[in-house]
Amino acid sequence: MSPRERAMVPRADPQSYYGQPVLKQPVWAPEVPFYFFAGGMAGASAGLAFAAGLRGNSELERRAWSVALVGLAVSPPLLISDLGRPERFLNMLRMFKVSSPMSVGSWILAAFGGATTVAAGSELTGLYPAAGALAKPVAAALGMPLATYTAGLLANTSVPVWHGARHTLPFVFAGGSAASAGAAATIATGLGSAAPARRLAVGGALAAVGAAFVMERSLGEIGEPYHEQAAGKLTRAAGALNLAGAALIAARGRRSRKAAIAGGALITAGVIAERWAVFRAGFQSAADPKYTVGPQRARVERGESRGAARRAGASNVGSVSESV
Amino acid sequence: MSFKHQLTGRAPALLRQLRDPLGLGKSAQSKRSATLTPRTKTADRMVQSVCPYCAVGCGQRVYVKDEKVIQIEGDPDSPISRGRLCPKGSATERYVNSPLREMKLKYRRPYATEWEELDLDTATDMIADRVIAARAETWEHANEDGLPLNRTRGIAFLGGATLDTEENYLIKKLFTALGAVQIENQARI
Amino acid sequence: MGHRVLTLDTRASAESYGESARPRMGFFTDTSLCIGCKACEVACKEWNHVPADVPEFSGKSYDNTLSLGANTWRHVAFVEQRKPVGAEAAAEDLVEAAERANAVDGFGIQTYQDGDGVRWLMSSDVCKHCTSAACLDVCPTGALFRTEFGTVVVQDDVCNGCGYCVPACPFGVIDRREDDGRVWKCTLCYDRLRDDMEPACAHACPTDSIQFGELDELRERAERRLERMAEAGQTEARLYGADPEDGVDGFGAFFLLLDEPEVYGLPPDPVATTRDVGQVWTGVLAGAAALGAGIAAAVFGRRR
Amino acid sequence: MGSNMAECHPVGFQWVVEAKERGAKVIHIDPRYTRTSAAADLHVPLRAGSDIAFLGGVINYILENGREFREYVEEYTNARAIIREDFQDTEDLDGLFSGWDPDTRTYDPESWGYAGADHGQWATSGEQTHGAHGVELERGELPREDETLEDPNCVFQILKRHFSRYTPEVVEALCGVPAETFLKVAETLCDNSGRERTSAFVYSVGWTQHTVGVQYIRSAAIVQLLLGNQGRPGGGILALRGHANIQGSTDIPTLYNILPSYIPMPEPREEPTLATFAEMQGPSTGAWAELRSYTTSLLKAWWGDAATKDNDFCFGRIPKIDGDHSNYATMLRMLDDEVKGFFVVGENPAVGSANGKLQRLAMAHLDWLVVRDTNMIETATFWCDSPEIETGELSPEEIGTEVFFMPAAAHTEKDGTFTNTQRLLQWHHKAVEPPEECRSELHFFFHLGRKIREKLADSSEDRDRGVLDLTWDYPTLGEHAEPDAETILQEINGRNLETGELIRAYDELKDDGSTSSGSWLHTGIYADGVNQSARKKPGREQTWVAPEWAWSWPKNQRIMYNRASADPEGRPWSERKKYMWWDAEKDCWTGFDSPDFTRDKAPDYVPPEDARGLAALTGREPFIVHPDGLGWLFAPSGVVDGPLPTHYEPQESPFENPLYTQQQNPTRQLYDRAANPYNPSLSEVFPYVLTSYRLTEHHTAGGMSRTIGYLSELQPELFCEVSPQLAAERDLVHGDWATIVTTRTAIEARVLVTDRLKPLEVQGRAVNQVGLPYHWGQRGIVTGDSVNDLFSLALDANVHIQEVKAATCEVLAGRRPRGRALLEFVDEYRRKAGVTGHGS
């Protein structure tokens, strides 16, 4: 194209309408990735606390419940401030919709909130031990899906880089949650009692990085955003921070409190970066029509799908849906 | 039917879900949605009108509530437009209710830099005086050959073509009687 | 696998109305009849009191509103294409035209939007009111719901602006209104339908490019139209979203296009990603399980 | 041709789309590829201002190949008429017809007349000509004719000679339309005409806004008469008018040269009586023969009892016209301080009229200005925000014009009729009261007249009798004392003053003062005491002609001259195209419409010796407003710039007229004013062809669309459409700014570079055209420079309409200079082009 030709009403582009995105950009604010982090940490911490309790590690148990409580406390504000109509946040519990991870997640968060408040409350104050004993397993059980439903929430959209990762993203978030819970407990707990926390932090961090790597690979072309612009930088940062933190804790976390704290901080930062990488990648993925049109057009060319358009003569009895 | 909705199915959505487990249909319907009606139905009256833009002459239905126009849309009865309207015709309600529309008379004195307020009757009175004066000043009884002209060219009129036939008639009648000949219209342009 | 069941149920959601359910209503937008007048955009905004926001000159042909969104529920796309220039081409068009006209007498020939040297496509886009509607599926509050007419509507008295539906829509239709915080899109004039009136855009459309009616009837009409155009040599004509077998199990508002969907900014193979919600939940639970296992391992794992 | 129907009349265009669906072919001949072209079977781009050459080519094609509808031409047109020996054609006189007077730059049309006819009254000026006036024929017969159409002086042969030079090659060289494309159009047109088929022409201001505008339409009339497409369903020449009541503003005019129903305004005469007037202006045959009855009835409607036989029914009260008192001539007098006061009502000349600067400068010379509109428009605020304020040419402190802005009522706030483009008067009912100080024009002018009459009540001046004796006692309604529109419609319809009954048809009008009618063509609109214009019987409950929806003049006829839809014997030309026919049993004309013919006049009717008026026309002469009842292929009277159309270049053109040395229409009206310079023809300083137009999303000068957000957002800014080639020549950047320059001024617009505008090869070289929509001004939600500021005042001599569809200009990249710099910038171009004079 000569510059002359470019300087006009752009002639029809086979791939898009004036290069405009097909999908709308998500409208979510920065609170959301931070909630992903906080919620994940809270959920995993509840699990850690409960397990530690069973193991008789009462210091770790108490610290982990505190972490869970903190993570829980910041979650609703983060979610509510992201709403377009915050005063209507209660509508989140107006219905229960299995087709909406956000709906189910809201119920999980609500239930987890109740259970964790009782569990942690009784743990820290020593009051109502019976109620506490009852609430602890419930909180722990709910903590696990609380940590991973957010991955399902993203995967359940049309954003190619998110939906394409519906099988892998939950593991990225699980690993991250484990890492953040472990890291927080490592920081908060004395060297003596923190061994499980350190193992969880190191294992979680490695799992998160590994899962993210697998996810990007499995995404193929539509995974491109993870290597470009903001999402690219964040992904690299997340990997580096997680590995550095894990290494530091593994190497010196048992002897040096300082090293444990530093390692915990690195992993925490790494997990936050990972959540942000996923978040930003979604925006980049939605912004470029090629990620939307490309794979769909390819599907049709390959005959895996007939697509939504049909010329005269073509049969309108699709054999496609069955073959999926 | 909307009445029936009010009586039944008004339990909290969560309970209504028992009959609509996925919560995608009726159970999600709010009370407002269940009783929704178009404003054309609750209008006080509808009058048939004609689009004021181009000369196709599309039929319009004008809906009025509390002495205010609340909706203008195509009149399906019209054999000319069959209820259809173009973007301008479809915007007619915005035109008649436009916030930019001037509702007050404005007066600008010679050499003034600002508008002033002036009431309708005074203004009409002032204009009448000016017409009479201009006419007296510029009256042409006859031309140089003494042939009668009986006219004034001191007053001119230019009308838009969105004036009614009856209005044009009255204007031409008045100005002709006043001897004003420079009476023109968009039709010339 | 599981998603099949779900989407089937999704379609059934219209039946939650029992005897008060009405035939499924929709749009057939025949872009071969569109003259790009934008009456649909204005009539829609006027009826629904959608705010206007005055943009700059876009330079994208005659399109200045650019896409569907919170404040544009009908959008007319303008696509300028180059064609073989010259009298031959033009003259031929007419000769062929004449011949084809005789071939299918009565219907005549349409060299739609076809001119000397250029082709100017115009198409009025709108919410597809999908059979399997991702926006509807993901809405946590039930603000989005399926009406007794099988259409998909947002209830502004319920929506809390969580924004989940925005990235869920495979067509980029629904969006959040900045100053208002809630999401908005075409309601297929739900209020008018309840009084057996046709939607404002279809009512205004001067050339009947936008046709409103019972979906089944519209599909048959579109089928006949496509056949006729094919006979008349208009082989580039295609139906978009008319089949129940596509990724959203059929559009409630479908189209006749004269080029590939993406040329108009439409996805060639849209999918309601929520049909995979079964897989999504499997993933979430697997992840949760893994997390639990991980914690257990960390706590009960053998001490070094 | 000359119309962009899909964009400017979208809802009317539904019928074109439907016809196309049924197999009709749609051909769009226009300089630009528009939304209409997009919906057409074929778009033929041609150079703006060359339509007559194209149509001349079609006429030549028809005549050369014998494609005319022979029987129709022989029977229903004046093809057989013999023209005077002394008639000379443009072919003989190199672009001029006989009778040319170089001093007055006008024609004496005497030599154009029928051989052997009485031409005592040929000297009717453009102001006076309404087709038939002045042609005097014995018993409405052609004095000399040749049925064989062979006589060298018969119209048919003259036509052949006149158009013989418009060959496909000439069309190609002149219009830039390839010969084969042109031939395709001509063939298609002929193939779709005849007994079984009809073709229609649609035009708009793309044809009228030229210095040869009337002859554009004459060309189409000749084509349609030759092909037998007049007076038949699916045929005709359809003028698509651009405003809700612009047709009505012509029928019942606010125009200086006519009274209601096209009765001419009188001129100063030795004997200024109704009798002489009727004799001079009315032929004794055809519908116009009753001019005296029409005029007397009008005078009775206006002056009631004061109009008596003895005072000649107050005929003398009607002011006389003796020249061009049209809008532009008046604006120029205004510029010379000769006009004191100016009423501008529902119009926006500051943006809508050609040479906007001249318009605004002129208004600064007024003593007082009254602007009535629903929105505050540029015309009302010229004294504070016109471009001339920015350039320093005007400043409020120096403008002595007193300005009254009066808010007007919208159509939903008053009763009345709009006359649509097909002569259909449709009543619109009042829905609500006008808000605050908004009032209807009916209200304002009624009360203004009332006050004037009060103030003059005891005047002894003779000149005041006219207004004092006027019938002005209309009943008023409501809190605002709104005059009753239906009463006025009844006055227009007219009454039998003896019985007091409402007139049913114009045949009932008398010249003895026993009838009144404000507009003879509208008699019957209130027949039987029913407001026929308010009939709203749903179309789906009627025939396809829908005669019971509203009312059309005359006599509710939907197709004029519909006698021509039947053959001379009164049988439909074909079953497919049957419309009106003679019913021998009932001895009357019948069909889908009401006949535009004497209902019981049999096809074999032969007028008696003493017959006059309609009775003087035979049973096979459909064009009843003509004294000979024939369609005029050749116009012996009524057109001031020639009996036949001839191609002339626009006032401003980059090309020489390849046909004659006579470059432009010799009769065109020019104004040699400092404020009205012209771009020289063939000037290299202004190499591009400029044309203006409308968009679907806006309305005319913008007062009713730039004030509405929903429309403004659809087309927010003024842009110019140019071809990629032009953009390359001038380095224009798509989406960026361009400055368009003429000798009048320079304006800026965003650049839209598009394949839809093609350079055309004309006379061996490529010409680029620039398209500019003219909707913008300084006020409203979206603003921009006003395109009409670019154009000059160069008018068609018949109708005094300005040429804004074809001019020349220069285009530059970037924005225009501001303030004084703009004036210097434009002066520079004037100097370069060798144009003297400085903007006043």
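Residue numbering restarts at 1 for every chain, and letters A, B, ... go by the order of the sequence lines. When reading the values below, keep in mind they use all heavy atoms of this one structure, side chains included, and skip hydrogens, waters and symmetry mates. None of the values given here were measured: they were computed from a predicted structure.
- Ion pairing of C:Asp276 with A:Arg166 is present here, as a side-chain N (NZ or NE/NH1/NH2) and a carboxylate O approach within less than 4.0 Å.
- Under 4.0 Å is where a charged nitrogen must lie from a carboxylate oxygen, and between A:Arg310 and C:Asp246 no such pair does.
- The two atoms that bring C:Arg176 and A:Val27 nearest to each other are NH2-O, 3.3 Å, heavy atoms only.
- Looking at A:Leu146, there are no atoms closer than 4.5 Å to chain C (heavy atoms on both sides), in backbone or side chain.
- There is no contact between A:Ala286 and chain C, counting heavy-atom distances below 4.5 Å.
- Counting heavy-atom pairs closer than 4.5 Å to chain A, the top-ranked of the candidates C:Val158, C:Leu68, C:Val166 is C:Val158.
- For A:Pro289, no part sits under 4.5 Å from any heavy atom of chain C, backbone or side chain.
- For A:Leu54 against C:Phe300, the heavy-atom pair with the smallest separation is CB-CZ, 4.1 Å.
- A:Tyr17 contributes no side-chain N or O that, together with a main-chain N or O of C:Ser67, makes up a donor-acceptor pair within less than 3.5 Å.
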* Please walk me through it: do A:Val104 and C:Trp281 pass side chain to side chain contact (heavy atoms under 4.5 Å, CB included)? -> CA-CA 10 Å; A:Val104 176; C:Trp281 282 129; 3.6 Å; yes

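- The two residues A:Arg311 and C:Thr235 come nearest to each other via the heavy atoms NH1-O, 3.0 Å.
- Using a 4.5 Å cut-off between heavy atoms, A:Val159 contacts chain C through both its backbone and its side chain.
- Ring geometry, C:Tyr164 versus A:Trp28: the interplanar angle falls from 30° to 60°, so the pair is classed tilted.
- Crowding of C:Glu178 atom CD: a count of heavy atoms from other residues, nucleotides or ligands under 6.0 Å not exceeding 12.
- With respect to chain C, the highest number of heavy-atom pairs below 4.5 Å among A:Ala309, A:Gly282, A:Ala174 belongs to A:Ala309.
- Taking every heavy atom of both residues into account, C:Asp137 and A:Ser99 meet most closely at O-OG, 2.7 Å.
- Contacts with chain C were tallied for A:Gly47, A:Gly204, A:Ala51, A:Gly43; A:Ala51 has the most, counting heavy-atom pairs under 4.5 Å.
- Residue contact with chain A, scored on non-hydrogen atoms closer than 4.5 Å, is absent for C:Leu257.
- Residue C:Val248: no heavy atom, backbone or side chain, is found under 4.5 Å from chain A.
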* Before giving the answer on side chain to side chain contact (heavy atoms under 4.5 Å, CB included), spell out for A:Arg85 and C:Asp180 the whole-Å C-alpha distance, their side-chain angles and the decisive distance to 0.1 Å. => CA-CA 8 Å; A:Arg85 286 293 176 99; C:Asp180 168 285; 3.5 Å; yes

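- Remark: side-chain polar atoms of A:Arg88 are paired, donor with acceptor, to backbone N or O of C:Cys159 under 3.5 angstrom.
- Within the 3.5 Å criterion, the main-chain N or O of C:Asp269 finds a donor-acceptor partner in the side chain of A:Arg299.
- Looking at heavy atoms from C-beta onward, C:Glu262 lies out of side-chain contact with A:Val22 at the 4.5 angstrom threshold.
- Heavy atoms of C:Phe254 lying under 4.5 Å from chain A are absent altogether.
- With hydrogens and angles disregarded, no donor-acceptor distance shorter than 3.5 Å links the side chain of C:Gln279 to the backbone of A:His167.
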* Between C:Ile295 and A:Leu200, is a side chain to side chain contact (heavy atoms under 4.5 Å, CB included) present by the stated rule, with each step listed? -> CA-CA 6 Å; C:Ile295 293 172; A:Leu200 187 62; 3.9 Å; yes

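- Ranked by heavy-atom pairs under 4.5 Å with chain A, the first of C:Leu266, C:Val138, C:Asp63 is C:Val138.
- For C:Cys139, the parts lying near chain A are the backbone and the side chain together; criterion is any non-hydrogen pair under 4.5 Å.
- Neither the backbone nor the side chain of A:Phe50 comes within less than 4.5 Å of any heavy atom in chain C.
- Judged by distance alone, with hydrogens and angles left aside, the side-chain atoms of A:Arg199 form a donor-acceptor pair with the main-chain N or O of C:Ala298 at under 3.5 Å.
- When the candidates A:Gln25, A:Met95, A:Glu87 are compared by the number of heavy-atom contacts under 4.5 Å with chain C, A:Met95 comes out ahead.
- Note on C:Pro270, C:Gly292, C:Ala143: by heavy-atom pairs under 4.5 Å with chain A, the leading option is C:Pro270.
- The main-chain N or O of C:Pro170 is never found under 3.5 Å from a side-chain atom of A:Lys24 such that the two would form a donor-acceptor pair.
- When side chains are defined from C-beta on, C:Pro167 does not count as touching A:His163, because their heavy atoms never get closer than 4.5 Å.
- For chain A, the nearby parts of C:Ala286 are the backbone and the side chain; heavy atoms of each come within less than 4.5 Å.
- Put simply, of A:Asp82, A:Thr292, A:Leu153, A:Leu48, the one with the most heavy-atom pairs under 4.5 Å next to chain C is A:Leu153.
- Residue C:Leu256: no heavy atom, backbone or side chain, is found under 4.5 Å from chain A.
- When each of A:Pro101, A:Ser158, A:Pro86, A:Pro196 is checked for heavy-atom pairs under 4.5 Å with chain C, A:Ser158 comes out on top.
- Listed options A:Val172, A:Val300, A:Asn156 were ranked by heavy-atom pairs under 4.5 angstrom with chain C; first place goes to A:Asn156.
- Among C:Ala168, C:Gly283, C:Gly163, C:Pro268, the residue making the largest number of heavy-atom pairs under 4.5 Å with chain A is C:Pro268.
- With a 4.5 Å cut-off on non-hydrogen atoms, C:Ala77 touches chain A through its backbone and its side chain both.
- When C:Ala290, C:Gly142, C:Cys162 are compared by the number of non-hydrogen pairs under 4.5 Å with chain A, C:Cys162 comes out ahead.
- Ranked by non-hydrogen atom pairs under 4.5 Å with chain A, the options C:Ala134, C:Ser58, C:Cys169 are led by C:Cys169.
- The minimum heavy-atom distance between A:Leu83 and C:Asn160, with the atom names listed, is CB-O, 3.5 Å.
- Contact record, C:Leu291 with A:Ala147: CD2-CB, 3.5 Å, taken as the closest heavy-atom pair.
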